[in-house]
Amino acid sequence: MSGESDVLVSAEGVVKHFPIKQGIVFKKEVARVHAVDGVDLAVRRGETLGIVGETGSGKSTLARCVTGLHPVTAGSIRFEGTDITKLSRAGLKAFRRDVQMIFQDPYGSLNPRRRVGSIIGDPFAIHGIADGADRRRRVQELMELVGLNPEHYNRFPAEFSGGQRQRIGVARALAVRPRLIVCDEPVSALDVSIQAQVINLLKDLQDELGLTYIFIAHDLSVVRYVSDRVAVMYLGRIVESASAGDLYGRPRHPYSAALLSAASIADPDEAERAERIVLIGDVPSPIDPPRGCRFHPRCPKAQDRCIAEDPPFVPREGDPPDHRTACHFPVLPGERLAGREAGIAQVSTEPELPEADPGAGGSS
Ligand SMILES: Nc1ncnc2c1ncn2[C@@H]1O[C@H](COP(=O)(O)OP(=O)(O)OP(=O)(O)O)[C@@H](O)[C@H]1O
Ligand SMILES: [Mg+2]
């Protein structure tokens, strides 16, 4: 199941920095945002890799690197074994048929002045695949596939509800028969009642078409529902990745444990977890991330070693090989994360989420 040939897309040492420049004539780099800072990941064929993490942790930037929308600062991204960071323009165009993105905003991502049929048919035009009556037929097939009425081909986006508009986005993404779809907060802008419909549509399409997904969301329960494996990001790094069952049942990184406890969706049978670990303080600036472990200023388990030494992202004792954690002192089974004297993190038994909890995984 975990052989090399099972891997559809992998990233190794991916770095994406955004330079901040100042000056009117001669722009000089004064700082750089370390949006993604050394990420390794592998996504297997037909699976869904969920990515979670607080706002600004680099999820969307990583997604854009994987889809070739952002050139990387360093590292490699392999799709079917080919390093896409080294592709020519023509190679990149061909790659973009294999990989599509679905975005959060079903309102903003559709041009209100264009008819839905032509929006969904865009990829056919861009890639010169079909035109005329053939394109129309294919677009109507796609509309049917995603549960839209094909007779609404000539309507405008405003004539559709939010959930239907996201279906338009899904249909457009499917037009070129991609292998990988990167869903960046695909349901965050939708009513809860509609979210389930769109998520179930994505799941059905995955089974039907053998799609592979990278699924980014703030809502940890949504990620659990859709994902086979989950990666947790913090300040440009993946700090833990494991099967969804392992990660939610037995988080090893104190950050993952805090995120899950704040969202209160860890295994309900484990009464221990009724306690919420509250992360205090803001995420440090990605312009000047802390040295050593980036989470150490907020970590209830931090020791001197965490300040001095960047922890490797490897399987920890007792964990399966695909459960990797970047932490010198991973959470032990049944361990309670105690409060810290410095007041940086503490344990709360309050049933309600604290209002200003940055670790709650709430909306951005
Ligand atoms: N084009 C850009 N130029 C400069 N900085 C950027 C750019 N895009 C993203 N960043 C910065 O990179 C960091 C990571 O941003 P990113 O959007 O990837 O985070 P995210 O995890 O997707 O957050 P959210 O959950 O809010 O969507 C942030 O500090 C952000 O301000
Ligand atoms: Mg984002």
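Indexing begins at 1, ligand by ligand and atom by atom, following the structure's order. What you see is a predicted model; the values in this text were computed from it and never measured.
- Counting heavy atoms closer than 4.0 Å to ligand 1, residue P286 contributes side-chain atoms (C-beta onward) but none from N, CA, C or O.
- For ligand 1, the atoms sitting less than 4.0 Å from at least one non-hydrogen atom of S60 are 17 (O), 18 (O), 20 (P), 22 (O), 27 (O), numbered in the order shown with element in parentheses.
- Below 4.0 Å from some heavy atom of V33 lie the following atoms of ligand 1, by number and element: 11 (C), 12 (O), 29 (O).
- Both the backbone and the side chain of T55 come within 4.0 Å of ligand 1, judged by heavy-atom distances.
- Considering backbone and side-chain atoms alike, G56 places an N or O below 3.5 Å from some N or O of ligand 1.
- At a threshold of 4.0 Å, the pair R252-E240 does not count as salt-bridged, since none of the basic side-chain nitrogens sits closer than that to a carboxylate oxygen.
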For this session: Go through E309 and R291 one step at a time and tell me if the salt bridge (Lys or Arg N to Asp or Glu O under 4.0 Å) criterion holds.
Result: CA-CA 8 Å; E309 232 182 275; R291 63 193 189 92; over 6 Å; no
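- At under 3.5 Å, not a single nitrogen or oxygen of H70, backbone or side chain, sits near a nitrogen or oxygen of ligand 1.
- Residues H70 and F18 bring their aromatic ring centres within 6.0 Å.
- Proximity of G53 to ligand 1 is not established, as no heavy-atom distance is less than 4.0 Å.
- Looking only at distances, no side-chain donor or acceptor of K16 sits under 3.5 Å from a matching main-chain atom of H34.
- Salt bridge E141/R135: absent, no basic N to carboxylate O contact under 4.0 Å.
- Counting heavy atoms of neighbouring residues, nucleotides and ligands inside a 6.0 Å radius, atom CG of N154 exceeds 12 of them.
- For ligand 1, the atoms lying closer than 4.0 Å to a non-hydrogen atom of H218 are 25 (O).
- K301 pairs in a side-chain hydrogen bond (donor to acceptor under 3.5 Å, both in side chains) with only one of the listed residues (E335, H296, H253), which is E335.
- A salt bridge is absent between R78 and E12; no separation between the charged side-chain nitrogens and carboxylate oxygens falls under 4.0 Å.
- Residue contacts with ligand 1, taken as heavy atom pairs separated by less than 4.0 Å, do not involve M233 at all.
- Taking the centre and axis of the six-membered ring of Y153, the NZ or CZ atom of R136 falls inside the cone set by 45° and 6.0 Å.
- Relative to atom 18 (O) of ligand 1, the option among L235, D184, I287, T61 with the closest non-hydrogen atom is T61.
- Side chain to side chain, T212 and E47 fail the donor-acceptor criterion of an N or O pair below 3.5 Å.
- Not one N or O on the side chain of Y248 forms a donor-acceptor pair closer than 3.5 Å with the backbone of S243.
- Closer than 2.8 Å to the Mg ion (ligand 2) sit the protein N, O or S atoms S60 OG.
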